Amino acid sequence: GAGVSQTPSNKVTEKGKYVELRCDPISGHTALYWYRQSLGQGPEFLIYFQGTGAADDSGLPNDRFFAVRPEGSVSTLKIQRTERGDSAVYLCASSLSVTGNTGELFFGEGSRLTVL
Amino acid sequence: AQTVTQSQPEMSVQEAETVTLSCTYDTSESDYYLFWYKQPPSRQMILVIRQEAYKQQNATENRFSVNFQKAAKSFSLKISDSQLGDAAMYFCAYRRGTSGTYKYIFGTGTRLKVLA
């Protein structure tokens, strides 16, 4: 498809388990962002990539969270030893670049993570 | 650090009427972008309107317009001729224009209800 694709759309896991969330950005978009959105709240920044490198990971809450983008396209958000507080919708967004453009983010539909 | 504040958790408007959503932000930067994003119940966020801080003219997109007051750090969204399809969460967002981090900072959102 032409839009940002996120899988899975829903994930239910048990406390302590490992989870991977995948994001496939729009083709040609070099910037990729991860956000976390809790119920009734605004998106909370986690990390963004420009190409393969993490340009700003200041939003990752702790070392249980990690994200990669090895080839500058698909990105995976990895959460180790999940906790109930990790339950949220994880949003991925991409943009053409971080500079020299209109700044519009294109969002996926999100991955809803529920930790029991 | 930059912050974005939306002080109206919920607003209602009669169909065909006009409504204004408020947003204030705090930054020491002079070059930045401001955005309004819409998130319908389906969850996927879409861009409604964008404003570059260096432009004095307020942005407009069909029925949507902004009132950008740079000195007051205010960025309100006006929706004219409201339609049932406008019902959604609306998020105000900020991003630096040049250098440093290009993360987007979102407010907590305003839920807009449109009454038939």
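As the structure is a computational prediction, the values presented were derived from the model and not from experiment. We name chains A, B, ... by the order of the sequence lines, and we start the count at 1 in each one.
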Count the heavy-atom pairs under 4.5 Å between each of Met45(B), Gln6(B), Arg111(B), Gln39(B) and chain A, then report the option with the highest count. Met45(B)
Give a yes or no on whether Phe49(A) and Ile26(A) share a hydrophobic cluster (residues Ile, Leu, Val, Met, Phe, Trp, Tyr; joining criterion: side-chain heavy atoms under 4.5 Å apart). no
When rounded to the nearest 0.5 angstrom, what distance separates CD1 in Ile46(B) from CD in Glu104(A)? 9.5 Å
Could you measure the distance from the CZ atom of Phe35(B) to the CG atom of Leu105(A)? Nearest 0.5 Å is fine. 7.0 Å
Is the count of non-hydrogen atoms from other residues, nucleotides or ligands lying under 6.0 Å from Lys73(B) atom NZ greater than 12? yes
State plainly whether one hydrophobic cluster holds both Tyr33(A) and Leu34(B), where clusters connect Ile, Leu, Val, Met, Phe, Trp and Tyr through side-chain heavy atoms under 4.5 angstrom apart. no
Hydrophobic cluster membership, with links at side-chain heavy-atom distances under 4.5 Å among I/L/V/M/F/W/Y: are Met89(B) and Phe106(A) in one? no
Any chain of hydrophobic side-chain contacts (each under 4.5 Å) joining Phe64(B) to Val19(B)? yes
Taking atom CG of Leu84(B) as the centre, does the number of heavy atoms from other residues, nucleotides or ligands within less than 6.0 Å exceed 12? yes
Approximate separation, where rounding is to 0.5 Å, of Tyr35(A) OH and Ile105(B) CD1: 8.0 Å
Kindly compute the distance separating CD (Gln41(A)) from CZ (Phe106(B)), expressed to the nearest 0.5 Å. 14.0 Å
Check whether the ring centres of Phe45(A) and Tyr104(B) lie less than 6.0 Å apart, and answer yes or no. no
For the atom pair OH (Tyr102(B)) and CG (Asp56(A)), what is the distance rounded to the nearest 0.5 Å? 12.0 Å
Going hydrophobic residue to hydrophobic residue with side-chain gaps under 4.5 angstrom, can you get from Tyr33(B) over to Leu47(B)? yes
Turns out that what part of Gln37(A) lies under 4.5 Å from chain B's heavy atoms comes down to side chain
Hey, could you give me the OH/NZ distance between Tyr48(A) and Lys103(B), rounded to the nearest 0.5 Å? 9.5 Å
